[in-house]
Structure formats: C-alpha cells, structure tokens
Peer 1: 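I have a structure I would like to understand better, so I am pasting it below and will then ask my questions one at a time.
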Amino acid sequence: MLCISAKEFLFWKKKQLLKGGNQQSFDVLLHCVGGISTSEQNLLSINPEGNINLKKTLDFLESVWEDHLFNYSPIQYLCGITFWRDLQLKVTNKVLIPRPETEMIVDIVSKIFGKKSQKMLFAELGTGSGAISIALTLAYPLWDGIATDIDEDALEIATENHRNSSTQTNLKFYCGNWWSPLENFKGKLDLAISNPPYIPKDTYEVLPKEVKNFEPKIALLGGEDGLEHITEIIERAPLYLKDKGWLILENHFDQGEKVKQLLIKNKFTSIEIVNDFSGIGRFTIGRYK
C-alpha cells in the first residue's frame, strides 16, 4: 500500500477529471486499480485531512486513465472488472461489457415468475461474462441454469465469475453455437434468454471507437439487418422449450416489431415489447403456445 495525503489525492483527482472522461469511469479505475471506493472518496471530500492508502501510484493510475481517454480503451477492460447489478465481474476483450440496460432482463424474469419460485430449468444462449445467468441463479437458488457460448475463452471467464460470485452449483456451462449444446434438453426448458449479436452491418461500421475497436465483433454484429442470430434462436426455440415456456430476447432499439412478428410466425403467444430505461423497445418476450 502507498500512503499519500488526502489533499494531494483530491488535487490529483480534480486534475485528471479536467482532462475529460466521466466520473463513473474514473470511480471504476480508483476502486478496481487504486483500491479506494466511491464511499471512501465521498468521505474525503467531507473531511480532506489525514492520509489515504492506494494500491498503485498516482502516476500509474494516471497512465491508465490517459490510455482510456486518448486511445478510447474501455475502462472496464483496462481494469479487468465491471460492475453489473450487485455483481463485480471479470471482463476482458473476449467478452462484451455487460450494459446497464441488460440488467432489466432479471427484472423481466422476476415479473413473469415472481420473486420466489419452484424449481425450474433455464438456459442462456451466448452468456459472455455470465452476468445474466449468475444473477438469475443468485435470485432463484432453486432453479437450474445452463449457460452456453461459442467461445471457450468467454466460457472460462463466465465460469470464473460464477465461482467468484456464488458457492452454488446450479449453473452449468456448455460450449457451442446457440442451441447446439442443448440437444439433451429438448422440450425441457421453462425459460430461455439471449442477448445475441443484433447490430446491423451498416450500424456496426459506424459504432464508437471504444466499442468497435475493442469489444468482440462476434458479440455485436448480427448480419446485414441485425436479425440473423435472433431469427435462428426463435425458429429453433420450440424444440427446446416446454409448452408455455418463455423466451426473452434483447434486440436493437428498432427491431421490436420485427422480432414480434418472428415470434408470432413461430407460434409464440403473450408477446410483449418491453422498454428499457430510456423508453426504447429493447426486449421482446413471448410464450411458446
């Protein structure tokens, strides 16, 4: 630990934020790399006397911050950690950084099934960091979960995140493309969830540098119209869901109606487009027959 005065730290912090960026990203850096939490920072602002202990030097923290600002590197990748709901998750450039909007999937599940539920089986297709599946198994300890991903590196990260977040063993990880690893679970799933790649090709080409240059293309690009993977997931879902089983999909802001029509075409009912925090139709849900 390195000991410096609180006043020196606060002066340095102000200087860094004047360079650009946002407070939230800077807080992630200080928490994950510097070892000083947001609550500790708030206390310093009230009482700037005394000293604080840091895990890294101010020069090192400044170099990471400037890499974020000037090279567009996502702060989560630089720190190796992101915060999502009440989870602290490991992330690398092998997995998509889970977005705050995606947190709503857990709330949608809660709305459908209630806060407490009997034993059930769910699957998440394309788990990435494992955020959704881990959150669900923590919220519903009686449920069994299966999380799939096409990338072995992503599954290693998801498995590590699960191990670090929970002592439960009710979540299993399988490698493969969408439904392929689930051949033994046909007709057995009460719920399937996916936040698949849904960015249309033209939109992908003009994504911000911090997204396009760093986050995995395979987790973002959804083909020409963005619906390539969503279509495949919906068309094969009836093979794996129980009757009355639910499918929850995250989609691009303008795809809700198209996804709804795909669900209708494949005999889903109780279809609903759910808005995110910004009032955008970010999720489409349906029940099989």
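What you see is a predicted model, and the numbers here were worked out from it, not measured in a lab.
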Peer 1: State, with a plain yes or no, whether a side-chain heavy atom of Tyr288 is found less than 4.5 Å away from one of Asn266.
Peer 2: no

Peer 1: At their closest point, which heavy atom of Gly286 faces which heavy atom of Phe268, and how far apart are they?
Peer 2: C-CD2, 3.7 Å

Peer 1: For Leu191 and Ile112, what are the C-alpha separation, side-chain angles and deciding distance, and is it a side-chain contact (heavy atoms from CB on, under 4.5 Å)?
Peer 2: CA-CA 10 Å; Leu191 168 67; Ile112 293 172; 5.7 Å; no

Peer 1: Which heavy-atom pair separates Cys79 from Cys32 by the least distance, and what is that distance?
Peer 2: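 Closest approach of Cys79 to Cys32, heavy atoms only: CB-CB, 3.9 Å.
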
Peer 1: Find the distance between CD1 (Ile193) and CD1 (Ile285) and round it off to the nearest 0.5 Å.
Peer 2: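 Here the rounded value is 11.0 Å.
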
Peer 1: Is Pro238 close to Lys289 at the side-chain level, that is, under 4.5 Å between some pair of heavy atoms?
Peer 2: no

Peer 1: What residues form a ring-ring contact (aromatic ring centres under 6.0 Å, His included) with Tyr240, not counting sequence neighbours?
Peer 2: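 Residues passing ring-ring contact (aromatic ring centres under 6.0 Å, His included) with Tyr240: Trp179.
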
Peer 1: For residues 264-280, which residue pairs qualify under salt bridge (charged side-chain N to carboxylate O under 4.0 Å, His left out), counting only residues two or more places apart or in two chains?
Peer 2: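 Only Asp276-Arg282 qualify under salt bridge (charged side-chain N to carboxylate O under 4.0 Å, His left out).
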
Peer 1: May I have the step-by-step check of side-chain contact (heavy atoms from CB on, under 4.5 Å) for Val109 and Phe122, ending in yes or no?
Peer 2: CA-CA 11 Å; Val109 172; Phe122 78 88; over 6 Å; no

Peer 1: Heavy-atom distance under 4.5 Å between the side chains of Asn213 and Asn71, does that happen here?
Peer 2: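 Result no, sub-4.5 Å side-chain heavy-atom pair not found.
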
Peer 1: Can you list the residues that meet the salt bridge (charged side-chain N to carboxylate O under 4.0 Å, His left out) rule with Lys19, with sequence neighbours excluded?
Peer 2: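 Here the qualifying residues are Glu62, Glu66.
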
Peer 1: By the side chain to side chain donor-acceptor pair (under 3.5 Å) test, which pairs, at least two apart or in different chains, include something from residues 156-167?
Peer 2: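 Checked against side chain to side chain donor-acceptor pair (under 3.5 Å) - neighbours excluded - the pairs reaching residues 156-167 are Lys90-Glu160.
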
Peer 1: Going by the angle between their ring planes, with limits at 30° and 60°, are Phe185 and Tyr174 parallel, tilted or perpendicular?
Peer 2: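 Rings of Phe185 and Tyr174: perpendicular, over 60°.
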
Peer 1: State which residues pass side chain to side chain contact (heavy atoms under 4.5 Å, CB included) with Ala135; sequence neighbours excluded, sorted by chain then number.
Peer 2: Trp84, Arg85, Leu87, Val106

Peer 1: Nearest 0.5 Å, what's the CD1-CD distance between Ile132 and Glu103?
Peer 2: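 Going from CD1 on Ile132 over to CD on Glu103, the span is 10.5 Å.
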
Peer 1: Applying side chain to side chain contact (heavy atoms under 4.5 Å, CB included) between Thr92 and each of Asp153, Ile97, Ile157, report the one that passes.
Peer 2: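 Exactly one option meets the side chain to side chain contact (heavy atoms under 4.5 Å, CB included) with Thr92, and it is Ile157.
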
Peer 1: Identify, with sequence neighbours excluded, every residue that meets side chain to side chain donor-acceptor pair (under 3.5 Å) alongside Ser129.
Peer 2: none

Peer 1: Hey, are the side chains of Glu40 and Ile52 touching, using non-hydrogen atoms and a 4.5 Å cut-off?
Peer 2: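 The answer is no, as the side chains (C-beta and beyond) never meet within the 4.5 Å cut-off.
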
Peer 1: Nearest 0.5 angstrom please: Leu54 CG to Leu2 CG, how far?
Peer 2: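 The CG atom of Leu2 is 6.5 Å from CG of Leu54, to the nearest 0.5 Å.
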
Peer 1: Using a cut-off of 6.0 Å, state whether more than 12 heavy atoms not belonging to Gln24 lie near its atom CD.
Peer 2: no

Peer 1: Check whether any side-chain heavy atom of Val95 sits under 4.5 Å from a side-chain heavy atom of Leu89, and report yes or no.
Peer 2: no

Peer 1: For the atom pair CG (Asn195) and CD1 (Ile248), what is the distance rounded to the nearest 0.5 Å?
Peer 2: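 Rounded to the nearest 0.5 Å, the CG-CD1 separation comes out at 12.0 Å.
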
Peer 1: Could you go step by step and tell me if Asn177 and Ser180 meet the side-chain hydrogen bond (donor to acceptor under 3.5 Å, both in side chains) rule?
Peer 2: CA-CA 6 Å; Asn177 189 47; Ser180 299; 5.2 Å; no

Peer 1: Are any of the side-chain heavy atoms of Lys201 and Tyr204 separated by less than 4.5 Å?
Peer 2: no

Peer 1: Tell me every residue that passes salt bridge (charged side-chain N to carboxylate O under 4.0 Å, His left out) with Arg99, counting only those two or more places apart in sequence or in another chain.
Peer 2: Glu215

Peer 1: List in chain and number order the residues that pass salt bridge (charged side-chain N to carboxylate O under 4.0 Å, His left out) with Lys55, two or more places apart in sequence or in another chain; answer none if no residue qualifies.
Peer 2: none

Peer 1: Just say parallel, tilted or perpendicular for the rings of Phe83 and His31, cut-offs at 30° and 60°.
Peer 2: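 Ring orientation of Phe83 relative to His31: tilted.
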
Peer 1: To the nearest 0.5 Å, tell me how far Leu189 CG sits from Ile146 CD1.
Peer 2: 6.0 Å

Peer 1: Verify whether one side chain among Ser73 and Asp67 offers a donor that lies under 3.5 Å from an acceptor in the other.
Peer 2: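 Present: a donor and an acceptor within the cut-off.
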
Peer 1: Kindly write out the residues that satisfy salt bridge (charged side-chain N to carboxylate O under 4.0 Å, His left out) with Lys111, not counting sequence neighbours, or none if the list is empty.
Peer 2: none

Peer 1: Let's go through Val28 and Ile81 carefully: what are the C-alpha distance in whole Å and the side-chain angles of both, what is the deciding distance for side-chain contact (heavy atoms from CB on, under 4.5 Å) to 0.1 Å, and is it a yes or a no?
Peer 2: CA-CA 8 Å; Val28 171; Ile81 289 173; 5.9 Å; no

Peer 1: Are Phe9 and Leu58 packed together at the side-chain level, in the sense that at least one heavy-atom pair is separated by less than 4.5 angstrom?
Peer 2: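 Yes. Closest side-chain heavy atoms under 4.5 Å.
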
Peer 1: Holding to side chain to side chain contact (heavy atoms under 4.5 Å, CB included), I want the full list of residues that pass it with Pro196, two or more places apart in sequence or in another chain.
Peer 2: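 Result, side chain to side chain contact (heavy atoms under 4.5 Å, CB included) vs Pro196: Trp178, Ser194, His229, Ile230, Ile233.
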
Peer 1: Which residues pass the side chain to side chain contact (heavy atoms under 4.5 Å, CB included) test with Ser110, sequence neighbours left out?
Peer 2: Lys115, Tyr140

Peer 1: Drop me the distance from Leu221's CG to Glu228's CD, to the nearest 0.5 angstrom.
Peer 2: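 Taking CG in Leu221 and CD in Glu228, the distance rounds to 8.0 Å.
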
Peer 1: Less than 4.5 Å apart, any side-chain heavy atom of Trp143 and any of Leu171?
Peer 2: no

Peer 1: Report the C-alpha separation of Gln23 and Asp27 in whole Å, then their side-chain angles, then the decisive distance to 0.1 Å, and conclude whether the side-chain contact (heavy atoms from CB on, under 4.5 Å) test is met.
Peer 2: CA-CA 6 Å; Gln23 181 74 54; Asp27 287 345; 2.8 Å; yes

Peer 1: Which residues pass the side chain to side chain contact (heavy atoms under 4.5 Å, CB included) test with Asn93, sequence neighbours left out?
Peer 2: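 Residues passing side chain to side chain contact (heavy atoms under 4.5 Å, CB included) with Asn93: Tyr77.
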
